[in-house]
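Notes to accompany the following structure.
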2 protein chains.
Amino acid sequence: MSDRPLLPLAGEPPRERADAARNRDALLCAARRLVAERGAADVTTEAVAEAAGVGKGTVFRRFGSREGLMAALLDTSEAAWQGEVLGGPPPLGPGAPPWERLEALGRTLVAKRLLHADLLRAAGRSGARSLAAYSFTAMHVQHLLRELEVEGDLLFLTTALLAPLEIPVLDALVHHDRDIPRVADGWVDLARRITRRPFPGDPSPTYS
Amino acid sequence: MSDRPLLPLAGEPPRERADAARNRDALLCAARRLVAERGAADVTTEAVAEAAGVGKGTVFRRFGSREGLMAALLDTSEAAWQGEVLGGPPPLGPGAPPWERLEALGRTLVAKRLLHADLLRAAGRSGARSLAAYSFTAMHVQHLLRELEVEGDLLFLTTALLAPLEIPVLDALVHHDRDIPRVADGWVDLARRITRRPFPGDPSPTYS
DNA sequence: AATACAAACGGACCCTGGTCCGGTTGTGCC
DNA sequence: GGCACAACCGGACCAGGGTCCGTTTGTATT
């Protein structure tokens, strides 16, 4: 359960006390259960604390906020995805040409976001965790854009690529009858335009 | 103050009672003042109610929620902007070619969003008002895209164009030293790519 | 002017996220 | 094992958003 060192960084200064670790796992476990049976929106911090047999204060010391707790529940799947991007099989992982990687990244990202939508909604953008997650994705997209020799304000273009995948925006899209594959197709089209790739079925673009 | 019929629609079924109207104006007025002197984030509903000499319940009956109240504060500037889009002078208003209109729309939108950033942040995306505001912009963008004969999923492309202008995204951009003009330039570039317009300084794109 | 009724009022009340601090407990060291 | 100290714990407490309902008040009608 405790896949702690998602980002070890500094040489593990103190180290965590045993009871603290136990409590964290208990909290995560309880939270996961409650979210599964009630939906993330209806899970209060107090309920989680009680279910874990722990005081409310402990929740906040461990996770900083309700949103932080929710974000922590996403860690494992997030870490798995990051792992596949960094070292999994192509086309998501390294080895495939950059365009294929970008496309795979987009499609899996759409699926992932929509799959965990309610948790992401409850997690907000607050947690340092979700900031780290965003940074990872942004870094990677930017890297791919560079490999694709895209010119321009890469930071902005990356933002533009990622912004439509923010939960509130996705919610709105889904509200307009867009299902997962359609959103994914839309995103790939967007990526094609942003990278100024010709359409696959386009005649050679000699519209002098 | 009371620019009520922002969206009259049905034939004014009941009509508002005099005291209600008075209270609404008092609340808007008090809210505006408090926001100006403390910043939107530090204004509580109770404070507004008290400043307006009104019970807290009244705030919620009139505006539905704190966010609704904040959104209401944006109405006048929003209405003004919509007016300029619909009937103001070109290039924002009608008369200019669609690309110029789109560019103007983007630039003014960036400026407007950044100008009212704290209020927008406090308004969230909740209020029916802000949904209406979004719909207006989306409609208009989509219309311009159609005039530009852009092909593809116009709803998605519109979303992609507007998503980077959502407050949280803008916040992130500004955090990376992007100032208003730079963001605006970035957006115009994005629009060029999405509409598949050649760069102005590009040689005729004959990269057969 | 008197009457009737829908609409509006207001503030007590509830809920939940977040803070605080006195007491407890694990851990490293002698 | 015993000691000392830092880290941790828990639950009382606070603040602010949102609801509820008994009371008041505007408005239309006669």
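Per chain, numbering begins at 1; letters A, B, ... match sequence-line order. Atoms considered below: every heavy atom in the structure, side chains included; atoms not considered: hydrogens, waters and symmetry mates.
No side-chain heavy atom of A/Asp179 sits under 4.5 Å from any side-chain heavy atom of A/Val174.
DNA chain D is contacted by both B/Arg17 and A/Gly55; A/Gly55 maps to the nucleotide lying nearer its 5′ end (nearest heavy atom per residue). Where B/Thr45 and A/Arg61 meet DNA chain D, the nucleotide closest to each residue was compared, and A/Arg61 sits on the side nearer the 5' end.
Computed from coordinates, the B/Leu34 CG to D/dG16 P distance equals 13 Å when rounded to whole Å. Atom CZ in A/Arg22 sits roughly 18 Å away from atom P in C/dT24 (whole-Å rounding). Rounded to whole Å, the distance from CG on B/Asn23 to P on D/dG26 is 11 Å. Straight-line distance from the CG atom of B/Leu27 to the P atom of C/dA8: 14 Å, rounded to whole Å. Put simply, CZ on A/Arg24 is 15 Å from P on D/dG10, counting in whole angstrom units. Here C/dC9 presents its P atom at 9 Å from CD of B/Glu16, a figure rounded to the nearest Å. Between B/Phe60 atom CZ and C/dA8 atom C1' there is a gap of 16 Å when expressed in whole angstrom units. Taking atom CD on B/Glu46 and atom P on D/dG17, their separation rounds to 8 Å, with Å as the unit.
Judged by distance alone, with hydrogens and angles left aside, the side-chain atoms of A/Arg197 form no donor-acceptor pair with the main-chain N or O of A/Arg192 at under 3.5 Å. Side-chain atoms of A/Arg101 come within 3.5 Å of backbone N or O of A/Gly93 as a donor-acceptor pair.
Closest contact between the side chain of A/Lys56 and the listed nucleotides D/dG10, C/dG18, D/dG17 involves C/dG18. Distance from the side chain of A/Asp19 is smallest for D/dC9 among the nucleotides D/dG26, D/dG16, D/dC9. Comparing atom distances between the A/Ala18 side chain and each of C/dC9, C/dG26, D/dG17 picks out C/dG26 as nearest.
Within 4.0 Å (heavy atoms only), B/Arg66 reaches sugar-phosphate atoms of the nucleic acid but no base atom. B/Arg62 comes within contact range of the sugar-phosphate backbone alone, with a heavy-atom separation under 4.0 Å but no base atom that close.
Electrostatic pairing of B/Arg196 and B/Glu151 does not count as a salt bridge here, judged by no charged N lying under 4.0 Å from a carboxylate O.
Inspection of the A/Thr195 and A/Trp99 side chains reveals no N or O donor paired with an N or O acceptor under 3.5 Å.
Close to D/dG10, at under 4.0 Å from its OP1 or OP2, lies a side-chain N or O of A/Thr58.
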